[in-house]
Amino acid sequence: MSKTVLSPEPVLGGSGYTLGSISDKINDVVVRETIRPGWLLGFMLAFGVMQLLLLTVGLLFKFGVGIWGVNIPVGWGFDIINFVWWIGIGHAGTLISAILLLFRQEWRTSINRFAEAMTLFAVACAALFPILHMGRPEVGAYWVLPYPNVMGMWPQFRSPLMWDVFALSTYGLVSLLFWFVGLIPDFSTLRDHAPHKWQRMIYGVLSLGWRGSAVHWNRYETIYLILAGLATPLVLSVHTIVSFDFAVGIVPGWHTTIFPPYFVAGAIYSGFAMVLTLMIPVRHFYGMKDFITAHHLNNMAKVMLLTGLIVAYGYLIEGFIGWYSGSQYEKYMLLNRFIGPYRYLYYALLACNVVIPQLLWFRKLRRNVALLFVMSLIVNTGMWLERFVIIVVSLSADFLPAAWGMYYPTVFDWTMYIGTLGLFFSLLFIFLRVLPMISVFEMRVLLTEEEHKKKGIHHG
């Protein structure tokens, strides 16, 4: 008696796809399709918003950090808030690509390329802030790099700024290598099917002489798994190091051992939310619903729910530590969050990060694409508010009431933040136009495997 086992959730939607049709559908967006008016409008809008960043950076170099709202005692404002937020968004790409690859999760196939690109663009935005928050980076930023110089000066390796530089550069380099290696087989496909000679030349150089031989595939899979193994601990280490920026300080609300796992969970939480925020419109406007199916969105919503619960647990433990510590400063920090001048922001972050995401328990709501899109925006907003509360509320009221002060962001704080959003989306639009948004060769492997499964079921 034969036993038939069917997958309840197909990873590849639709029917009638062949190896050639999958390649054509994904690659034609890059090599054959003319520029869409919607793409052009979106890119122009994002590029225009990015000019706010360039304008603000120019004024920052000229006048210093006085154009921001930072003061004494709140010496960190939007600059570090945005740095931590962008680093968090960059975590989902590595998680989807590396960890799910090692665990052989097929549903990562349609979204890994997109998430990896998002990681690189988020890291690019985050990398601006450790330099720009110095105010005059042209006279000091290069001292954070450990290079030999005639003055014999070396960086202060006990400084959290140094830890951020090393963590960010390592994470960005490994993520870039992992992304590029995954693109090599697709570059060869683009090289062979591009209609213009200049396109074939560019993709030919990028494909590194790939011919699809058994030797090439063996070496490719080996290096891909090695990079996945290297990238996996980076998911944990990078945001752990970022959390040390706060945990090594004595400021109330910062000096706690809960920060490393709490920050890592929050990073994955916001990262998956951003992937959903970007992917849902892209799959709609580019007609990729057969490749990025409801199954993918459902699984991502589950991961978001799980990490959201870990973040909620972190909030709970944070409150318990403040109460159990017996420190009057820690207790007041908690009280200040609930009844202080920034209390409404704290209530908003609890609603965005804890209360509203509980709707994801319901399968029907996880299948509602519009609701999932709104939910991802809410979570991203809540995670930004979390960083604001952690940094500003703790700094504004620390030990001495005589030293307390309020922080009010200026227009340049906002233009810096909004400008990085413009940079992020400008890079994203360029990526959609010049590189395949979905891994073609992995989708073809997936199609072949599903056909084999069907044949196995048929001949049970």
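All values derive from a computational prediction rather than experimental measurement.
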Mind checking whether [X] and [Y] have side chains closer than 4.5 Å, heavy atoms only?
X: Leu128; Y: Met416; answer: no
X: Arg283; Y: Leu297; answer: yes
X: Ser110; Y: Met443; answer: yes
X: Val84; Y: His239; answer: yes
X: Met274; Y: Met279; answer: no
X: Ile438; Y: Ile292; answer: yes
X: Met304; Y: Leu360; answer: yes
X: Cys352; Y: Val379; answer: no

Side chains of [X] and [Y]: is there a donor and an acceptor less than 3.5 Å apart?
X: Thr189; Y: Asp186; result: no
X: Ser325; Y: Glu330; result: no
X: Thr415; Y: Thr56; result: yes
X: Ser396; Y: Tyr342; result: no

Q: Examine Arg36 relative to Tyr286 and say whether NZ or CZ is less than 6.0 Å from the centre of the six-membered ring and inside a 45° cone about the ring axis.
A: yes

Q: Apply the test side-chain contact (heavy atoms from CB on, under 4.5 Å) to residues Trp163 and Val248: give CA-CA distance (whole Å), side-chain angles for both, the deciding distance (0.1 Å), then the verdict.
A: CA-CA 12 Å; Trp163 308 343; Val248 298; 3.8 Å; yes

Is the [X] ring parallel, tilted or perpendicular to the [Y] ring (thresholds 30°, 60°)?
X: Phe43; Y: Phe429; value: perpendicular
X: Phe121; Y: Phe431; value: perpendicular
X: Phe338; Y: Tyr346; value: perpendicular

Kindly compute the distance separating [atom1] ([X]) from [atom2] ([Y]), expressed to the nearest 0.5 Å.
X: Ile391; Y: Glu386; atom1: CD1; atom2: CD; value: 10.0 Å
X: Leu345; Y: Phe388; atom1: CG; atom2: CZ; value: 5.5 Å
X: Ile223; Y: Ile226; atom1: CD1; atom2: CD1; value: 4.5 Å
X: Tyr329; Y: Ile250; atom1: OH; atom2: CD1; value: 10.0 Å
X: Lys364; Y: Leu371; atom1: NZ; atom2: CG; value: 11.5 Å
X: Phe272; Y: Asn380; atom1: CZ; atom2: CG; value: 13.0 Å

Q. Pick from Phe83, Tyr407, Trp254: which one makes a ring pair (Phe, Tyr, Trp, His ring centres under 6.0 Å) with Trp76?
A. Trp254

[X] side chain vs [Y] backbone, donor-acceptor pair below 3.5 Å:
X: Arg387; Y: Asn82; answer: no
X: His91; Y: Val235; answer: yes
X: Thr293; Y: Asp290; answer: no
X: Arg366; Y: Trp361; answer: yes
X: His255; Y: Gly249; answer: yes
X: Thr410; Y: Ile67; answer: yes
X: Ser270; Y: Met383; answer: no
X: Asn353; Y: Gly382; answer: yes
X: Trp85; Y: Ile80; answer: no
X: Tyr262; Y: Tyr313; answer: no

Q | Candidates Tyr417, Phe78, Trp68, Phe63 - the one meeting side chain to side chain contact (heavy atoms under 4.5 Å, CB included) with Phe412 | A |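 With Phe412 as partner, Tyr417, Phe78, Trp68, Phe63 yield a single side chain to side chain contact (heavy atoms under 4.5 Å, CB included), made by Trp68.
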
In this structure, are over 12 heavy atoms from other groups packed under 6.0 Å from [X] atom [atom1]?
X: Phe399; atom1: CZ; result: yes
X: Phe362; atom1: CZ; result: no
X: Phe180; atom1: CZ; result: yes
X: Tyr324; atom1: OH; result: no
X: Tyr344; atom1: OH; result: no
X: Met44; atom1: CE; result: no

What are the two closest non-hydrogen atoms of [X] and [Y], and how far apart are they?
X: Phe178; Y: Ala98; value: CE2-N, 3.9 Å
X: Ala46; Y: Phe425; value: CB-CB, 3.8 Å
X: Met300; Y: Val275; value: CE-CG1, 3.0 Å
X: Pro341; Y: Asn336; value: CD-OD1, 3.6 Å
X: Pro436; Y: Ile26; value: CB-CG2, 3.9 Å
X: Pro185; Y: Gly182; value: CD-O, 3.7 Å

Do [X] and [Y] have their ring centres less than 6.0 Å from each other?
X: Tyr220; Y: Phe441; result: yes
X: Trp86; Y: Phe424; result: yes
X: Trp414; Y: Tyr408; result: no

Q: Evaluate side-chain contact (heavy atoms from CB on, under 4.5 Å) for Ile81 paired with Val392, printing each intermediate quantity in order.
A: CA-CA 9 Å; Ile81 293 170; Val392 173; 4.0 Å; yes

Q: Show your working on ring pair (Phe, Tyr, Trp, His ring centres under 6.0 Å) between Phe246 and Phe263 and close with a plain yes or no.
A: CA-CA 11 Å; Phe246 308 97; Phe263 268 52; 5.7 Å; yes

Q: Under the side-chain hydrogen bond (donor to acceptor under 3.5 Å, both in side chains) rule, what do Tyr332 and Ser327 come out as? Steps first, then yes or no, please.
A: CA-CA 9 Å; Tyr332 181 77; Ser327 169; over 6 Å; no

Q.
Could you walk me through whether Arg113 and Met437 satisfy the side-chain contact (heavy atoms from CB on, under 4.5 Å) test, starting with their C-alpha distance in whole Å, then the side-chain angles of each, then the deciding distance to 0.1 Å, before giving a yes or no?
A. CA-CA 6 Å; Arg113 174 74 50 73; Met437 68 183 76; 5.7 Å; no

**Q.** Glu442 with Arg108: basic N within carboxylate O range, under 4.0 Å
**A.**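 Yes, Glu442 and Arg108 are salt-bridged.
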
Q. Step by step, would you call Tyr269 with Ile310 a side-chain contact (heavy atoms from CB on, under 4.5 Å)?
A. CA-CA 9 Å; Tyr269 191 31; Ile310 298 174; over 6 Å; no

